[in-house]
Amino acid sequence: AKNHMDDKEKMEDCLNKIDLSGGHLLELINKVLDMSKIEDGRLSVSHEKFDLGRLLESVTAIIHPQAVDRGLEFDESIQGVMDEELIGDSMRVNQILLNLLSNALKFTPEGGHVRLDVRQLFSQKGQVRLRFTVSDTGTGMSEGFLKHLYEPFKQERRQGYSHMQGTGLGMSITKNLVTILGGTIG
């Protein structure tokens, strides 16, 4: 950028690259910090009121434009949800959903489809059990890799996806967050 101060187009390109690199670095640092907190048992979970509908709206507001930019369809379905005012850690649920949906977007080719389904399984004695299902029309994973999916720093190297970068911490963190919140993932 310093070498192209007079070229507005080149300057804009450089600033965009700096912005993307900064965002990637921040994401990397946050994932390493989250993993460290999880491993040390220091990750705090809040138990506060939140509105499930608003949480899903905020997730959609982030994911939908990313899907459109990648030439993908995105939709969500909410089925049988009777209890929308919940007590829990909305920030962690948001983090889990964004990670799963971001992965679905990343590995679904242009023209594909990504979907989030939310279903209330039961509600009794003040406890609500929800199932969040993320599905996509991407290439999927090999059977051999599935047993390593939640291990830290593990990523399947697939032909045609060499441009995909990441830490290999996202699914490990997601599994740990789901477990800490009392859920299961598969």
Side-chain angles (χ1 to χ4, degrees), residues 23-68 72-108 113-136 138 141 146-155 166-186:
H24 180 69
L25 184 59
L26 182 60
E27 183 182 339
L28 174 67
I29 290 168
N30 284 334
K31 283 183 176 179
V32 169
L33 289 173
D34 277 349
M35 199 64 194
S36 175
K37 287 178 188 175
I38 289 168
E39 287 176 348
D40 289 347
R42 295 181 297 117
L43 187 74
S44 60
V45 174
S46 69
H47 300 281
E48 298 174 354
K49 277 187 183 181
F50 72 94
D51 183 279
L52 179 64
R54 283 197 183 128
L55 181 139
L56 295 174
E57 284 173 17
S58 72
V59 167
T60 298
I62 293 169
I63 294 299
H64 187 265
Q66 290 178 14
V68 169
L72 303 173
E73 287 184 44
F74 171 73
D75 64 82
E76 71 178 87
S77 164
I78 302 170
Q79 302 166 8
V81 175
M82 307 301 283
D83 303 288
E84 286 203 26
E85 190 171 286
L86 305 172
I87 295 178
D89 194 326
S90 64
M91 184 181 83
R92 298 299 180 192
V93 173
N94 186 66
Q95 184 178 1
I96 290 164
L97 292 175
L98 287 176
N99 186 56
L100 294 172
L101 288 164
S102 294
N103 278 353
L105 293 178
K106 188 188 306 185
F107 295 105
T108 300
H113 189 108
V114 175
R115 180 177 179 87
L116 170 64
D117 291 301
V118 182
R119 177 185 298 266
Q120 184 168 321
L121 301 178
F122 68 82
S123 175
Q124 44 185 237
K125 299 180 186 176
Q127 297 281 330
V128 175
R129 170 99 27 198
L130 300 169
R131 174 180 291 147
F132 299 89
T133 305
V134 174
S135 56
D136 62 65
M141 292 169 261
L146 285 176
K147 62 185 170 200
H148 301 289
L149 179 61
Y150 302 114
E151 295 175 15
F153 303 108
K154 295 285 184 175
Q155 290 182 308
T167 59
L169 288 173
M171 291 307 294
S172 178
I173 289 169
T174 298
K175 179 173 185 351
N176 280 293
L177 289 175
V178 167
T179 301
I180 289 167
L181 293 177
T184 58
I185 187 169

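In what follows, every heavy atom counts, from backbone to side chain, and hydrogens, waters and symmetry copies are set aside.
Without hydrogens or angle criteria, Asn94 side chain to Ser90 main chain gives no donor-acceptor distance under 3.5 Å.
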Can His64 and Asp75 be said to form a side-chain contact (heavy atoms from CB on, under 4.5 Å), step by step? CA-CA 8 Å; His64 187 265; Asp75 64 82; over 6 Å; no

Report the C-alpha distance between Ile62 and Ser58 in whole Å, list the side-chain angles of each, state the deciding distance to 0.1 Å, and finish with yes or no for side-chain contact (heavy atoms from CB on, under 4.5 Å). CA-CA 6 Å; Ile62 293 169; Ser58 72; 5.6 Å; no

Given Leu116 and Ile63, is the side-chain contact (heavy atoms from CB on, under 4.5 Å) satisfied, shown in steps? CA-CA 10 Å; Leu116 170 64; Ile63 294 299; over 6 Å; no

After noting the C-alpha distance and the side-chain angles of Leu97 and Leu55, does the key distance pass the side-chain contact (heavy atoms from CB on, under 4.5 Å) rule? CA-CA 10 Å; Leu97 292 175; Leu55 181 139; 3.9 Å; yes

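With sequence neighbours excluded, the residues forming a side chain to side chain contact (heavy atoms under 4.5 Å, CB included) with Glu151 are His148, Lys154, listed by chain and number.
The distance from the CG atom of Leu177 to the CE atom of Met91 is 8.5 Å, given to the nearest 0.5 Å. Separating the CG atom in Leu181 from the CZ atom in Arg92 is a distance of 8.5 Å, to the nearest 0.5 Å. Within the model, atoms CG of Leu98 and CD of Gln66 stand 8.0 Å from one another, a figure rounded to the nearest 0.5 Å. Atom CZ of Phe132 and atom CG of Leu101 lie 10.5 Å apart (nearest 0.5 Å). Rounding to the nearest 0.5 Å gives a distance of 8.0 Å between OG1 of Thr184 and CZ of Arg131.
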Sequence neighbours excluded and cut-off under 3.5 Å, please list the side-chain donor-acceptor pairs for residues 117-127, or say none.
{"from": "Asp117", "atom 1": "OD1", "to": "Arg115", "atom 2": "NE", "distance (Å)": "2.9"}
{"from": "Asp117", "atom 1": "OD1", "to": "Arg115", "atom 2": "NH2", "distance (Å)": "3.1"}
{"from": "Asp117", "atom 1": "OD2", "to": "Arg115", "atom 2": "NE", "distance (Å)": "3.2"}
{"from": "Arg119", "atom 1": "NH2", "to": "Gln79", "atom 2": "OE1", "distance (Å)": "2.3"}
{"from": "Gln120", "atom 1": "OE1", "to": "Met82", "atom 2": "N", "distance (Å)": "2.9"}
{"from": "Gln120", "atom 1": "OE1", "to": "Asp83", "atom 2": "N", "distance (Å)": "3.1"}
{"from": "Gln120", "atom 1": "NE2", "to": "Asp83", "atom 2": "OD2", "distance (Å)": "2.8"}
{"from": "Ser123", "atom 1": "OG", "to": "Asp83", "atom 2": "OD2", "distance (Å)": "3.0"}

Side-chain donor-acceptor distances from residues 45-54 under 3.5 Å, at least two apart:
{"from": "Asp51", "atom 1": "OD1", "to": "Gly53", "atom 2": "N", "distance (Å)": "3.0"}
{"from": "Asp51", "atom 1": "OD1", "to": "Arg54", "atom 2": "N", "distance (Å)": "2.7"}

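What you find for Thr108 and His113 is that their closest heavy atoms are CG2-N, 3.9 Å. The nearest pair of heavy atoms linking Asn99 to Gly170 is ND2-O, 3.0 Å. The two atoms that bring Phe74 and Ala67 nearest to each other are CB-CB, 3.7 Å, heavy atoms only. The two residues Ile185 and Val178 come nearest to each other via the heavy atoms N-CG1, 4.0 Å.
Between Glu76 and Val59, the closest side-chain pair of non-hydrogen atoms is not below 4.5 Å.
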